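Down below is the structure, laid out as structure tokens.
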Amino acid sequence: LTHLHGVWEQDQSADDVAPSSEQYDVVPRQIEASDNPLNAISDKARRTTITEFLGTLSSLEQRSVLRFLQDSLKRNLVEELPHELCGLIWSFLDVHELLSCELVCKAWRNSIIHSMAWYTMFQRCLKDMSVFAKHIPRELKPPQTSLGWKRAFSHFWALQQQTALTWRDPRREIRQRSIACDGEGIYCLQYDDNEIITGNRDNTIKIWNLHTLLLKASIPGHAGSVLCLQFDERKIITSSSDTTIKIWDRASHECVRTIEHHTQSVLHVRFDDTNMVTCSKDHTIALWLKLDEYGFNYQLLRRLQGHRAAVNVIEFDRHYIVSASGDRTVKLWDTDSGELLHTYEGHSRGIACLQYRGDLIVSGSSDNTIKVWSTRTRRCVSTFTGPDGHTELVRCVRFNDKYIVSGSYDKTIRIWDINTGVVLRVLRGHTNRVFRLQFDDCKIVSSSQDDHLIVWDFALPDESAADRDFDVESMPDSPSASGIGGGSGGRGGSGGRQLSLSSMSAADEQASGYMV
């Protein structure tokens, strides 16, 4: 302790004036290891001695020592780790974490920019987010630099956020594309990345180009209206008011097989890799087993009976078959055994539609309401109705983890927040009853008794974006172009601009671009 005081007094005597903070900062460095008597005592005694010494210092001196200790304990791991290892670490972060790390210091930002982190982020979103991929031009020139990948990601991420906002903000424009189908009414539809296939009242199946809405084929064969269909890459399976189920080769459009089993109109059909399930106006459900590789041949496994009226719709997975009927009930069946497990009651009139996914069943009824049921608790979770709800029969309903989208005989399509039950948007465009719809992150495709298909496009209404020659490297580093940013200089290389992470966290907040 005496030695420490001696060193300290010697340093102070070098100048008659009060020592500056810089002088205090170098005091600990003036004690050479060879001359330090603290090395000769135990760790416990050394800690006690240093504590006593620090207690003798003034507040100013203690603050100076504290600054020295804080600086000496700081470690910039990014500068110590190999560049390749840092790049691997950045690749595991999500967009919010990556942006936060860029703001830590210039070294961290440079490490991220010169790694492949933003390329990895771009490819991840392209794979996992259909709405992100929607905005990527077909002629996009791949960026040649890491900074270019950041600009590309930030630009398309901002467009994706604006698309998400359109679902919730009724003031934002939705581009409509419509086509008259000449089918006397469209009862059912399904689409994939390239085609829409419809089942029509004039007994035909029609195939349309999704992008141009041009008719590619009209396929006759049923003797009654085509009430339901489902397809995969190999086949189309349809059901009809002529009481038959037909299986078609999707490539050749030829009818491969006709199944006759039900005694009245076959109202709904669904299939997966193993089974097919059909339901009918004859009050029954039929479970079928696939016999061949591609599903062109099926064998009846069992009939399920229990409904007291027409079974209007069925959905199933490997656990449950879910059916809805005009008898006002939803029934839950065991897929393997065919055992009736539960009957949901709550609608006051017949049930016209449902979707089953995960733990939830969503049903729409002629009592003008939508109900959400749980397969786990076997209870009604919520009922969607009220002054903003439908005013006539709810004919079709689909949902995901954010929205319920429903179509009604009141000629409207409504978008509901699945968590709050609030009607976010009301879409008007059909002039007659809405029969069927399907949706994804970018669009809704709907059909109606008015014989029109409408594609409701929630992506930005720049129709040329998908075709223009888009050079990301030439994009200016500005909020409107880069979204997240990508300039240089300043803290985090941002030139003084700040990142607002809160603006990136929710689709219902204004997505005006994210900038560093």
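Computed from a prediction, not measured in an experiment: that's the story for all the values here.
Side-chain contact check for His430 and Ser446: at least one donor-acceptor pair (N or O, by modelled atom type) lies under 3.5 Å. Counting only N and O atoms by type, the side chains of His222 and Asn203 include no donor and acceptor under 3.5 Å apart. Checked by atom type, the side-chain pair Arg414/Thr412 shows a donor-acceptor distance below 3.5 Å. With hydrogens and angles left out, the side-chain atoms of Lys206 and Ser218 include a donor and acceptor closer than 3.5 Å. If you check the side chains of Lys371 and Ser363, you find no donor sitting under 3.5 Å from an acceptor. Judged by distance alone, the side chains of Thr278 and His268 never bring a donor and an acceptor atom under 3.5 Å apart. No side-chain donor from either of Thr335 and His319 sits under 3.5 Å from a side-chain acceptor of the other. Between the side chains of Trp248 and Thr238, a donor-acceptor pair is found at a separation under 3.5 Å. Side-chain contact, His390 with Ser406: a donor N or O sits under 3.5 Å from an acceptor N or O.
No side-chain heavy atom of Ile186 sits under 4.5 Å from any side-chain heavy atom of Phe435. Contact check for Asp249 versus Phe296: side-chain heavy atoms found under the 4.5 Å cut-off. Side-chain contact check for Phe384 versus Thr369: every heavy-atom pair is 4.5 Å or farther apart. Looking at heavy atoms from C-beta onward, His452 lies out of side-chain contact with Ile179 at the 4.5 angstrom threshold. Using a 4.5 Å heavy-atom threshold, the side chains of Trp118 and Ser146 count as separate. Taking the side chain as every heavy atom from C-beta outward, Ile413 and Leu437 approach each other to under 4.5 Å. Two residues are said to be in side-chain contact when any heavy atoms from C-beta on lie closer than 4.5 Å; Arg379 and Ser374 fail this criterion. Looking at heavy atoms from C-beta onward, Leu229 lies out of side-chain contact with Val269 at the 4.5 angstrom threshold.
Without hydrogens or angle criteria, Ser241 side chain to Ser225 main chain gives a donor-acceptor distance under 3.5 Å. Side chain of Thr420 to backbone of Val422: a donor-acceptor contact under 3.5 angstrom is found. Counting only distance, with no hydrogens or angles, the side chain of Arg328 and the backbone of His347 share no donor-acceptor pair below 3.5 Å. Here the side chain of Glu97 pairs a donor or acceptor atom with the backbone of Asp94 at under 3.5 angstrom. Listed for the Gln190 side chain is a donor-acceptor partner under 3.5 Å among the backbone atoms of Phe231. Not one N or O on the side chain of Ser382 forms a donor-acceptor pair closer than 3.5 Å with the backbone of Val372. Under a 3.5 Å cut-off, the side chain of Arg124 and the backbone N or O of Ser91 do form a donor-acceptor pair.
For Arg201, the CZ atom sits in a loose shell: 12 or fewer heavy atoms of surrounding residues, nucleotides or ligands are nearer than 6.0 Å. Residue-environment remark: NZ (Lys290) exceeds the threshold of 12 foreign heavy atoms within 6.0 Å. Annotation for Arg308: atom CZ does not count as buried by contact number, only 12 or fewer foreign heavy atoms lying within 6.0 Å. By the 6.0 Å contact criterion, OH on Tyr119 is open, its count of non-hydrogen atoms from other residues, nucleotides or ligands being 12 or less. Atom CG of Asn209 has more than 12 heavy atoms from other residues, nucleotides or ligands within 6.0 Å. Counting non-hydrogen atoms of other residues, nucleotides and ligands closer than 6.0 Å to CZ of Arg349 gives a total of 12 or fewer. Counting non-hydrogen atoms of other residues, nucleotides and ligands closer than 6.0 Å to NZ of Lys281 gives a total of 12 or fewer.
Between Arg171 and Asp169 a salt bridge is recorded (basic side-chain N to carboxylate O distance below 4.0 Å).
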Take Ile454 and Lys443 through the test side chain to side chain contact (heavy atoms under 4.5 Å, CB included) and record every step on the way to the result. CA-CA 10 Å; Ile454 297 182; Lys443 62 185 172 296; over 6 Å; no
Under the criterion side chain to side chain donor-acceptor pair (under 3.5 Å), I'd like the reasoning laid out for Asp334 against Tyr320: C-alpha separation, chi angles, the key distance, then a yes or no. CA-CA 5 Å; Asp334 184 274; Tyr320 304 120; over 6 Å; no
The test is side chain to side chain donor-acceptor pair (under 3.5 Å); show your working for Thr274 and Asp272 and say whether it passes. CA-CA 6 Å; Thr274 306; Asp272 64 9; 4.6 Å; no
Stepwise side chain to side chain contact (heavy atoms under 4.5 Å, CB included) test for Thr263 and Thr243: CA-CA 6 Å; Thr263 60; Thr243 75; over 6 Å; no
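Here CZ of Phe271 is found 4.0 Å from CD of Gln230. Values are rounded to the nearest 0.5 Å. Atoms OG1 and CG, on Thr163 and Asp441 in that order, are 9.5 Å from each other to the nearest 0.5 Å. A distance of 7.0 Å separates CD1 of Ile444 from CD1 of Ile174, quoted to the nearest 0.5 Å.
In this structure, the ring of His342 has its center less than 6.0 angstrom from the ring center of Tyr344. Checked against the 6.0 Å centroid threshold, Trp288 and Tyr298 do not count as a close aromatic pair. For an aromatic pair to be called close, the ring centres must be under 6.0 Å apart, and Trp167 with Tyr403 satisfies this.
For Glu195, the side-chain hydrogen bond (donor to acceptor under 3.5 Å, both in side chains) partners two or more places apart in sequence, or in a different chain, are Lys216, Arg250.
Annotation: cation-pi geometry not satisfied between Arg395 and Tyr409 (NZ/CZ under 6.0 angstrom from ring centroid, within 45° of ring axis). The cationic group of Arg398 does not satisfy the cation-pi geometry with Phe439, failing either the under 6.0 Å distance to the six-membered ring centre or the 45° limit from the ring axis.
Remark: of the listed residues Ile196, Val405, Leu189, Leu189 is the sole one forming a side chain to side chain contact (heavy atoms under 4.5 Å, CB included) with Gln438. Exactly one of Thr329, Leu332, Val330, Asp327 qualifies for a side chain to side chain contact (heavy atoms under 4.5 Å, CB included) with Thr343. That residue is Thr329.
Listed here is the closest heavy atom pair of Leu393 and Asn368: N-OD1, 3.3 Å.
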